[in-house]
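Notes to accompany the following structure.
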Amino acid sequence: QVQLVESGGGLVQAGGSLRLSCAASGRTFSTYAMGWFRQAPGKEREFVAGISRTGGNTDYADSVKGRFTISRDNAKSTAYLQMNSLKPEDTAVYYCAASIVHTIVIKTAGQYAYWGQGTQVTVSS
């Protein structure tokens, strides 16, 4: 079993920054491919960023490229999402996810077996 707990969400003005954290437990963190997704009310959950087991490969949704950075610290069993230049359209519940069977970046939510509870990010104008 893998348990994931997100933190770091909150209210921020447009143009501001926020860093989300995802603490993992239950298995060796270095064996997980990790991803961040977000879901706004009435919308489908969408891929935001993903990172491979070692951190050597990352990928991002076009809407966040150049603004968001995904990273991981395997020694701390934690993944991060650094969000800069935030826009109101970034407002959503953000979820981290883990896969123990994939070694590369995974963009499809259905391919992740483990999910955190989500953390709210609200960006005001």
Side-chain angles (χ1 to χ4, degrees):
Q1 299 293 323
V2 176
Q3 296 185 38
L4 306 173
V5 180
E6 302 100 330
S7 61
L11 176 64
V12 65
Q13 289 186 308
S17 298
L18 211 57
R19 188 175 80 156
L20 306 183
S21 298
C22 177
S25 63
R27 282 200 60 176
T28 302
F29 182 70
S30 61
T31 67
Y32 317 157
M34 299 294 297
W36 286 96
F37 292 76
R38 66 187 182 187
Q39 188 167 23
K43 296 184 178 180
E44 294 291 315
R45 187 169 299 187
E46 66 172 339
F47 171 79
V48 176
I51 189 166
S52 60
R53 288 182 178 180
T54 64
N57 191 30
T58 59
D59 203 2
Y60 300 89
D62 289 342
S63 60
V64 306
K65 286 182 179 178
R67 300 188 297 119
F68 291 10
T69 302
I70 187 171
S71 62
R72 66 191 299 158
D73 186 338
N74 287 349
K76 297 181 178 180
S77 298
T78 302
Y80 304 95
L81 185 68
Q82 178 67 46
M83 304 183 292
N84 298 326
S85 302
L86 283 162
K87 304 175 181 179
E89 52 262 45
D90 294 319
T91 295
V93 177
Y94 284 71
Y95 300 88
C96 68
S99 172
I100 62 174
V101 298
H102 298 289
T103 61
I104 61 175
V105 175
I106 302 299
K107 298 181 179 180
T108 304
Q111 294 181 319
Y112 287 91
Y114 302 99
W115 294 83
Q117 83 289 346
T119 186
Q120 177 70 48
V121 173
T122 302
V123 184
S124 62
S125 300

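Quick caveat: nothing in here was measured; it's all calculated off a predicted structure.
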Out of curiosity, [X] [atom1] to [Y] [atom2], how far, rounded to the nearest 0.5 Å?
X	Y	atom1	atom2	value
Phe68	Trp36	CZ	CH2	11.0 Å
Gln111	Ser99	CD	OG	7.5 Å
Tyr80	Cys96	OH	SG	12.0 Å
Arg72	Ser30	CZ	OG	7.5 Å
Ile70	Met34	CD1	CE	7.5 Å

Looking only at heavy atoms, what is the nearest atom pair of [X] and [Y], with distance?
X	Y	value
Leu4	Ala24	CD2-CB, 3.6 Å
Ile100	Arg53	O-NH2, 3.2 Å
Ser52	Gly56	OG-N, 3.4 Å
Ser125	Ala14	CA-CB, 4.4 Å
Ser85	Ser17	N-OG, 4.4 Å

So, for Tyr112 and Phe37, is the gap between ring centers shorter than 6.0 Å?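 That pair passes the under 6.0 Å test.
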[X]-[Y] co-clustered via ILVMFWY side chain contacts under 4.5 Å:
X	Y	result
Tyr95	Leu81	no
Leu11	Leu18	no
Tyr94	Trp115	no
Phe47	Tyr114	no
Val48	Val5	no

Any residue meeting salt bridge (charged side-chain N to carboxylate O under 4.0 Å, His left out) with Asp90, in chain and number order, not counting sequence neighbours: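 Scan of Asp90 (salt bridge (charged side-chain N to carboxylate O under 4.0 Å, His left out), adjacent residues dropped) gives Arg38, Arg67.
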Member of Val121, Val123, Val64 meeting the side-chain contact (heavy atoms from CB on, under 4.5 Å) criterion with Met83: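 So, applying the side-chain contact (heavy atoms from CB on, under 4.5 Å) to Met83 and each of Val121, Val123, Val64, only Val121 qualifies.
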If we ignore hydrogens and angles and just use 3.5 Å, is the side chain of [X] paired with the main-chain N or O of [Y] as donor and acceptor?
X	Y	result
Arg19	Gly8	no
Gln39	Ala92	no
Glu6	Gly118	yes

Can you confirm whether more than 12 heavy atoms, excluding those of Glu44, are under 6.0 Å from its CD atom?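 Incorrect, the count does not exceed 12.
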